[in-house]
A.B. asks: 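After the structure tokens below, expect a handful of questions from me.
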Amino acid sequence: MLLINCPFCGPRDHSEFTYVDVAMTYPALDAPEKEWFEAVFLRENPKGRVFELWQHTLGCRSLLILERDTLTHEIFSVRMAHPGMQAACEENVA
């Protein structure tokens, strides 16, 4: 079982969350088709620490960026994907 510490809701079981994708920057909308093909279909499957995008589907519905080890499933950090929401969470904790 993974325990994900949502910045808004606190620690929750991973079953409340939905994995979205590896957190990455996508090509511009007007980028050449080759760039989009590579971004969508030719992605790596890295071992070790990666940044992933998750949604707290059964909670606050926020998008989160998790830094997680794909081999051990250890979670190193969790933050809101939107910087403004992260700042709001940090203000409420202080």
A.B. asks: Rounded to the nearest 0.5 Å, how far apart are CZ of Arg49 and OG1 of Thr72?
C.D. replies: 9.0 Å
A.B. asks: Do the side chains of Arg68 and Ile75 get nearer than 4.5 Å, heavy atoms only?
C.D. replies: yes
A.B. asks: For the residue pair Glu52 and Thr70, what are the closest heavy atoms and their distance?
C.D. replies: OE2-CG2, 4.2 Å
A.B. asks: Is there a continuous path of hydrophobic side-chain contacts, each under 4.5 Å between heavy atoms, that joins Ile4 to Phe51?
C.D. replies: no
A.B. asks: Of all heavy-atom pairs between Ala28 and Trp36, which one has the smallest distance, and what is that distance?
C.D. replies: O-NE1, 2.9 Å
A.B. asks: Check whether any side-chain heavy atom of Phe17 sits under 4.5 Å from a side-chain heavy atom of Leu2, and report yes or no.
C.D. replies: no
A.B. asks: Donor-acceptor pair, distance only, cut-off 3.5 Å: does the side chain of Trp54 make one with the backbone of Asp21?
C.D. replies: no
A.B. asks: Check step by step if side chain to side chain contact (heavy atoms under 4.5 Å, CB included) holds for Val50 and Glu67.
C.D. replies: CA-CA 6 Å; Val50 295; Glu67 182 181 9; over 6 Å; no
A.B. asks: To the nearest 0.5 Å, tell me how far Leu64 CG sits from Leu53 CG.
C.D. replies: 8.0 Å
A.B. asks: What distance separates Cys9 SG from Glu16 CD, expressed to the nearest 0.5 Å?
C.D. replies: 7.5 Å
A.B. asks: Closest approach of Ile65 and Ala23, non-hydrogen atoms and distance?
C.D. replies: CG2-CB, 4.4 Å
A.B. asks: So how far is it from Leu66 CG to His73 NE2, rounded to the nearest 0.5 Å?
C.D. replies: 12.5 Å
A.B. asks: If the condition is ring pair (Phe, Tyr, Trp, His ring centres under 6.0 Å), which residues does Phe41 pass it with, not counting sequence neighbours?
C.D. replies: Phe37
A.B. asks: Could you tell me the separation between the CZ atom of Arg61 and the SG atom of Cys6, rounded to the nearest 0.5 Å?
C.D. replies: 12.5 Å
A.B. asks: Can you find a pair of side-chain heavy atoms, one from Val78 and one from Pro7, that are under 4.5 Å apart?
C.D. replies: yes
A.B. asks: Which pair of non-hydrogen atoms, one from Val20 and one from Gln55, has the smallest distance, and what is that distance?
C.D. replies: CG2-N, 4.0 Å
A.B. asks: Is a side-chain donor or acceptor of Tyr19 paired with a backbone partner of Val22 at a separation under 3.5 angstrom?
C.D. replies: yes
